[in-house]
Amino acid sequence: MKRFFIGVLLFMLLLLALGGCETKPVRFQSVDTAMGTVISQQLYSVGQDPTDGVIDLLRELERKTLSRRLESAEVFQINAHAGEGGIPLTDKMGKILTDCLEVWEKSQGAFDVTICPLTELWNIDAWAAGELSGSYEIPGPEAIAHARSLCGSDKLILRMSENHTTELTLLPGMRIDLGAVGKGIAMDCLRDCLEKQDAIRAAVITVGGSVLTYGEKPDRTPWRISVTDPFDPSKACGVLTLRGSWCVSTSGDYERYVEIDGRRMHHIIDPKTGAPAQSDVRGVTILSRDGFLSDALSTACFVLGSEKGLTLAGIYGAEALFVLSDGTLVMTDGMAEYFEEK
Ligand code: AMP
Ligand code: MG
């Protein structure tokens, strides 16, 4: 009997020793660019430095799937074949566009992936924060009306072909722009990739204005994510305290814009007018477990304004925070549990 207890004791001591030997995750950090934006990362891993892998994944996503400018990308190829009948899509793109259509429908057209002729007309890609101010000419009503006639997800046809691939039909001149969901799609890809790597225990990755949190930091403290103050983008209007995996996306009128005669022209277009959206909000932050949704909804809610935006966020079970033009903050009850005003 005595021997048995000594055996158990030794076994327990061995377990304790082994537990204590487990390698502590090391923090790896990097700031780089991919997808036309700044990527900053903090990853906690018991293996090798994973930060280059993250950048490679994002660059590949842009090169193979999302880019409107690179011939190698599926979006480029879709746009190049508009008006030529059914374009076969990869499963990934079929799912993305199906999800985009659902948000278009539920947002009553405020989010529209066929917005490209308008974003090109307004030359949004050339804008940084205020860079072109002074030399920019606002498009005239006829040009806007023409571009608008080439937009509209109601004109887009997605159907399953006989060999079970999804096919997309666009009318001549139509083009798609995944700018409103690209960072969200990237967060979903990153999270899926992190989940497959046992060595990576926790991460916070910023893709432009979107933030992915993953796992728990070794010191068990929560993630603290700043929400930009649209009235002074160098400051935060508050902080989100999060644990585990989340996606946070923000859309605001301070991200890309030009200013003409004191009027701010920003990069989020209201498909109904063909011009930068004018609602009661200056910034919208969405919190969701799903990257695509957080990004799509932040853009849609910006166009819709706070009242309809709250309804839309509710339909998807996402948390929303609106910074209104008068500085007031409006948020879902769920968001209030994570958000602390500064
Ligand atoms: P975000 O910063 O996520 O709100 O996305 C803004 C980007 O989405 C713009 O730069 C455009 O490329 C695109 N975009 C602008 N307006 C819309 C809209 N109403 N629906 C979908 N995409 C849009
Ligand atoms: Mg968005």
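Counting starts at 1 for both ligands and their atoms, in listed order. These numbers were taken from a predicted model, which means no experiment stands behind them.
Side-chain heavy atoms closer than 4.5 Å link hydrophobic residues (I, L, V, M, F, W, Y) into clusters, and following such links, even through other members, never connects Leu293 to Met335.
Here the protein heavy atom with the shortest distance to atom 22 (N) of ligand 1 is Ala180 CB, 3.3 Å. Taking atom 19 (N) of ligand 1 as the reference point, the nearest protein heavy-atom neighbour is Ile269 O, 2.7 Å. Of the protein's heavy atoms, His267 O, 3.4 Å lies nearest to atom 9 (C) of ligand 1. Of the protein's non-hydrogen atoms, Asp112 O, 3.2 Å is the one closest to atom 21 (C) of ligand 1.
Listed by number with element, the atoms of ligand 1 under 4.0 angstrom from any heavy atom of Asp295 are 3 (O). Which parts of ligand 1 touch Ile124 is read off a 4.0 Å heavy-atom cut-off, strictly below it: atoms 10 (O). Every atom of ligand 1 is numbered from 1 in the order shown, and the set under 4.0 Å from a heavy atom of Thr119 is 11 (C), 12 (O). Ligand-side atoms of ligand 1 in range of Thr299: 1 (P), 3 (O), 4 (O), 5 (O), range being under 4.0 angstrom from any heavy atom. Those atoms of ligand 1 with a heavy atom of Glu255 less than 4.0 angstrom away are 2 (O). Per-residue contacts place Ser251 under 4.0 angstrom from the following atoms of ligand 1 (heavy atoms of the residue considered): 1 (P), 3 (O), 4 (O). Every atom of ligand 1 with a heavy atom of Pro271 under 4.0 Å away is listed here by number and element: 19 (N). Listed by number with element, the atoms of ligand 1 under 4.0 angstrom from any heavy atom of Ile115 are 14 (N), 22 (N), 23 (C).
Judged by the 6.0 Å distance and 45° axis criteria, Arg191 is not positioned over the aromatic ring of Tyr214. Geometrically, Lys217 does not engage Tyr44 in a cation-pi contact, judged by NZ or CZ lying under 6.0 Å from the ring centre and within 45° of the ring axis. Judged by the 6.0 Å and 45° rule, Arg243 forms no cation-pi pair with Trp223.
Between the side chains of Asp280 and Ser325, no donor-acceptor pair is found at a separation under 3.5 Å. Side-chain contact annotation: Thr250 with Ser298, donor-acceptor N/O pair under 3.5 Å absent. No hydrogens or angles considered: nothing links the side chains of Ser72 and Arg63 as a donor-acceptor pair under 3.5 Å. With no hydrogens or angles considered, no side-chain donor-acceptor pair links Ser294 and Ser288 at under 3.5 Å. Of the N and O atoms on the side chains of Glu319 and Thr332, at least one donor lies less than 3.5 Å from an acceptor on the other residue.
Taking 2.8 Å as the criterion, Thr299 counts as a coordinating residue of the Mg ion (ligand 2), since one of its N, O or S atoms falls below it.
In this comparison of Asp177, Asp125, Thr250, the heavy atom closest to atom 12 (O) of ligand 1 sits on Asp177.
Geometry note: the Mg ion (ligand 2) is the vertex, Ala180 O and Asp295 OD1 are the arms, and the angle is 70° (rounded to 10 degrees).
Around CD of Glu307, the count of heavy atoms belonging to other residues, nucleotides or ligands within 6.0 Å does not exceed 12.
Under a 4.0 angstrom heavy-atom cut-off, Ala110 registers as being in contact with ligand 1.
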